[in-house]
Amino acid sequence: MQPRTAQLDIQGMSCANCSQTITQTVESLDGVNEANINFATDEGRIEYDPEETSLAEIYTAIGDAGYNALRATVSIGITDMTCSNCAETNETALTDVSGVISAEVNYAIDEATVEYNPAEVTREQLYNAIETAGYSPVRDEGGDDSEQDRRDAARTEEIRRQLRLTVFGAALSLPLLAFLVEKFLLGGGALPETIFGMEFGWVEFLLATPVQVVLGWPFYKNSYKALVKNRTANMDVLIALGSSTAYLYSVAVLLGLIAGGMYFDTAALILVFITLGNYLEARSKGQASEALQQLLEMEADTATIVDEDGTEQEIPLDEVTVGDRMKIRPGEKIPTDGVVVDGQSAVDESMVTGESVPVEKSEGDEVVGATVNQNGVLIAEATKVGEDTALQQIVQTVKEAQSRQPEIQNLADRISAYFVPLVIVNALLWGLVWYLFPEALAGFVGALPLWGLVEGGPAVAGGTVSVFEFAVVVFASAVLIACPCALGLATPAATMVGTSIGAKNGVLFKGGDILERAKDVDTVVFDKTGTLTEGEMELTDVVPLNGTRTATDGGGSKTATDGGAQALKEQSGGDKEREFDEKTVLRIAASAESGSEHPLAQAIVDGATERGIDVTDPTHFENVPGHGVRATVDDGEVFVGNRKLMRDNDIDPASAEDELERLENEGKTAMLVAFEGELIGLVADADTVKESAKEAVAALHGRGVEVHMITGDNERTARAVAEQVGIDPENVRAEVLPEDKADGVDDIQSEGRRAMMVGDGVNDAPALATAYVGTAIGSGTDVAIEAADVTLMRDDPLDVVKAIRISDGTLQKITQNLFWALGYNTAMIPLASLGLLQPVLAAAAMAFSSVSVLTNSLLFRRYTPDHDYELLGFLR
């Protein structure tokens with residue numbers, strides 16, 4: 001193979017040293033002859049031997065060096081594929097295009113996903129490669145119709161074409177079927193020797209020939225392309241061999257060139273059954289991809305835009321721009337992603353998150369396009385439109401997942417690559433063996449239980465059918481019974497359904513390989529904040545220190561310890577005695593903290609407001625970083641903070657130590673409150689545990705999965721949260737710095753475990769990338785989601801269990817499909833080889849095998865991941 005030259009656009013270079021780094025990195029690859037990287041133009045010219053290294057390896061090397069070579073990805077619909085061998089042929093044709101990094105062709109969805117260098121490759125070149133391989137790409141020719149619309153139209157037309165062919169073939173084959181029944185079940189002789197003045201054989205010839213020409217032509221054409229142009233053998237070759245063998249043998253008998261029976265009925269019915277199978281298969285493929293189409297159809301068609309002067313205007317959805325204000329009435333779909341700027345309502349977000357309970361929305365809350373407004377009127381400002389919306393991103397993620405096949409598909413691909421040639425060799429071998437040793441084989445086969453139920457055997461044993469004729473029958477049957485289609489459909493069909501189930505339930509897998517991998521997870525590592533907990537601090541406790549009173553009289557103060565907590569009251573001598581109950585302690589603490597923006601302070605203020613307490617602004621405020629605050633409230637000095645803050649201001653925290661430890665052991669952040677130099681109480685905040693966290697941990701334990709927690713919080717708080725949700729304290733790693741979380745996951749995996757890391761923040765991204773499966777809570781940051789393999793659209797820990805269940809169920813379905821596909825061929829090929837199957841029955845079984853695999857996958861669509869997938873229980 002001739003050396004290739006890749007012209008790359010490279011991003012990220014900041015100096016000449018960068019270009020030198022890339023040059024050295026790329027030239028270190030075997031097969032790279034020369035690399036010229038130009039910092040001034042941000043371009044690279046690399047000459048390499050494609051037999052020793054690939055463009056994908058060059059791209060990877062540039063990425064490992066810390067730079068980015070521009071690439072593009074395109075999906076192309078392909079028609080005319082009939083089996084997984086066709087998909088492999090297209091993959092080879094696309095990969096051979098200079099500048100293509102990788103190509104994956106999915107037979108189940110009739111689609112190619114191609115990653116390529118846009119500086120070298122155009123779409124037209126990719127279309128030409130597919131056409132040169134003998135297949136038809138769905139071209140993006142512009143216009144009003146989207147590419148998806150054209151693919152749907154192409155699929156619909158293919159379904160209609162297969163139906164027309166089936167009806168045409170069936171109409172001509174019905175009389176032949178009657179002849180077949182009369183010949184084999186009635187023993188022959190029931191029909192006249194001539195019909196309409198023509199010999200019986202010529203009537204069969206006239207009926208079978210149009211079927212052979214019209215239905216057979218696509219198989220013969222594709223066989224020619226496969227054998228001559230692509231030098232490979234696919235399912236079309238098997239069908240063409242089987243059908244043409246029966247037809248040409250019958251023509252030879254009719255013309256008197258050889259002696260024997262005629263099989264025109266067999267030749268025609270083979271094509272009818274196969275075409276019927278293709279029709280059912282095309283329909284099933286359409287049904288399997290309906291989930292994505294249904295998601296897209298959920299989008300609103302129009303949006304009501306409100307101008308600054310209040311004027312309302314209804315416009316098409318594709319005319320909405322970022323910043324437009326949209327009015328959404330009760331019962332209407334939200335046109336696109338946005339933020340509520342006015343109004344309050346409940347929104348049904350089940351189509352995005354799988355959550356059936358409507359979510360309350362008010363000013364400042366985000367809304368997702370295509371979700372349904374339930375009751376109130378909302379005004380939302382558009383923040384994302386077109387391909388940037390959550391719905392479009394979901395669809396794109398699912399499509400990419402379907403194009404990335406599980407590793408188990410490699411098994412089917414390896415088998416399919418050798419399958420058809422081996423089938424042809426097997427058929428030729430047994431046809432020859434039957435021709436050379438008919439009596440020995442007839443004696444052996446005659447001892448089998450099925451012998452005598454089929455026509456071929458007794459004919460050989462009795463000598464009524466020639467040895468050559470029976471050898472031809474065996475060859476045709478052995479060729480027709482084998483079907484690589486079922487193997488090719490087993491994995492992608494189930495993967496397509498599994499990823500769609502995930503999307504419906506708010507679980508997005510980045511690829512079929514991730515979908516396969518998730519079921520093997522034996523350890524789940526949760527981040528704490530925002531994952532197991534709500535991620536928002538909340539006031540949980542207000543504890544007045546019983547028996548402590550502070551009484552003031554002008555400039556003096558005194559303490560008393562008579563117990564009890566009473567309201568403000570007057571005492572003799574004009575003194576004012578105040579005992580600090582919960583309400584008073586909280587009012588003083590909240591007023592002092594109202595000057596702070598810290599989340600702990602805000603939780604105290606919000607808690608006081610919710611309890612109806614009047615919070616006043618402090619007359620003086622000072623933040624003491626890392627310790628608390630100092631403020632003046634009610635003309636008295638207030639301290640709210642930790643032990644060190646109190647000690648630094650000559651206040652002894654010893655009397656509150658028991659309460660402090662109790663609250664901290666419960667996983668709460670406790671703060672001491674002092675007024676006028678004396679402790680009056682404590683307030684405590686906590687990041688509350690999510691309601692479903694304990695259930696999620698229990699469900700994982702029920703599956704035999706070990707659960708860990710990793711957090712930057714202190715040890716005491718971390719262990720308290722772990723205890724609440726059911727995580728073994730020994731599996732808690734606390735006070736872990738953000739940059740060390742990935743090391744923590746590595747430590748767990750170094751013990752041979754397969755860990756799923758679940759997190760939601762920027763500081764979780766390295767750990768997500770390190771884990772065997774990285775899972776990001778969808779409410780988390782874009783960085784975390786980008787680094788993850790699985791994205792959960794909700795912030796519910798139970799969805800982690802759903803992800804594993806969907807993975808497990810999908811792989812069970814793939815295993816079932818492969819079992820039936822391989823088992824079918826394992827059982828049927830020997831029967832055909834031993835002469836125990838008629839070619840017509842072999843063709844019918846061949847068509848049924850593909851349809852059965854698709855049907856088995858479609859049944860999986862009814863599965864909901866609220867429970868483990870069990871085949872028998874599911875079928876009930």
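Just so it is clear, the structure is predicted and the values come from calculations on it, not from any experiment.
Residues Ser692 and Asp796 bring a donor and an acceptor atom of their side chains to less than 3.5 Å of each other. A donor atom on one side chain and an acceptor atom on the other are not found under 3.5 Å apart for Asp337 and Thr383. Side chains of Ser596 and Asn623: a donor-acceptor N/O pair is absent below 3.5 angstrom, by distance only. A donor-acceptor contact under 3.5 angstrom links the side chains of Glu314 and Thr302, judged on distance only. Inspection of the Asp581 and Thr584 side chains reveals an N or O donor paired with an N or O acceptor under 3.5 Å.
Checked against side-chain contact (heavy atoms from CB on, under 4.5 Å), Ala686 has the following partners two or more places apart in sequence or in another chain: Thr540, Lys668. Scored by the side-chain contact (heavy atoms from CB on, under 4.5 Å) test, Val736 finds Ile710, Arg733, Asp740, Lys741 as partners (sequence neighbours excluded). A search for salt bridge (charged side-chain N to carboxylate O under 4.0 Å, His left out) contacts involving Glu659 returns Arg662, not counting sequence neighbours. In this structure, Lys333 has no salt bridge (charged side-chain N to carboxylate O under 4.0 Å, His left out) partners at least two apart in sequence or on a different chain. Judged as a side-chain contact (heavy atoms from CB on, under 4.5 Å), and not counting sequence neighbours, the contacts of Ala771 are Val745, Gln749, Met757.
Between Tyr863 and Val497, every side-chain heavy-atom pair lies at or beyond the 4.5 Å cut-off. Residues Arg329 and Thr304 have side chains in contact (heavy-atom distance under 4.5 Å, counting atoms from C-beta outward). Counting only heavy atoms from C-beta outward, the side chains of Ile328 and Pro335 approach each other to under 4.5 Å. Using a 4.5 Å heavy-atom cutoff, the side chains of Val790 and Leu508 are not in contact. Counting only heavy atoms from C-beta outward, the side chains of Leu700 and Ile804 approach each other to under 4.5 Å. By the 4.5 Å heavy-atom criterion applied to side chains, Leu317 and Glu299 are counted as neighbours. Proximity of Val524 to His708: side-chain heavy atoms (C-beta onward) are nowhere separated by under 4.5 Å. Between Thr632 and Val638, every side-chain heavy-atom pair lies at or beyond the 4.5 Å cut-off.
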Checklist entry - Could you go step by step and tell me if Asp365 and Val367 meet the side-chain contact (heavy atoms from CB on, under 4.5 Å) rule? => result CA-CA 7 Å; Asp365 289 335; Val367 289; 5.8 Å; no
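For CD of Glu597, the number of neighbouring non-hydrogen atoms (other residues, nucleotides, ligands) closer than 6.0 Å is 12 at most. Other residues, nucleotides and ligands contribute at most 12 non-hydrogen atoms within 6.0 Å of the CD atom of Glu723. Counting heavy atoms of neighbouring residues, nucleotides and ligands inside a 6.0 Å radius, atom CD of Glu536 does not exceed 12 of them. Within 6.0 Å of CD on Glu319 lie more than 12 heavy atoms contributed by other residues, nucleotides or ligands.
Here the OG1-CG distance, from Thr669 to Asn642, works out to 11.0 Å after rounding to the nearest 0.5 Å. Rounded to the nearest 0.5 angstrom, Asp795 CG and Glu534 CD are separated by 6.5 Å. For the atom pair CD1 of Ile514 and CZ of Phe509, the computed distance is 9.5 Å after rounding to the nearest 0.5 Å. Atom CD of Glu115 sits about 4.5 Å away from atom CZ of Arg71, to the nearest 0.5 Å. For the atom pair CD1 of Ile727 and NE2 of His701, the computed distance is 7.0 Å after rounding to the nearest 0.5 Å.
A salt bridge (charged side-chain N to carboxylate O under 4.0 Å, His left out) check over residues 621-632, counting only residues at least two apart or in different chains, returns the pairs Glu622-Arg630, Arg630-Glu637.
A salt bridge does not link Arg325 to Asp342: none of the charged side-chain nitrogens sits closer than 4.0 Å to a carboxylate oxygen. The residues Lys510 and Asp789 are annotated as not salt-bridged, no charged nitrogen and carboxylate oxygen being separated by less than 4.0 angstrom.
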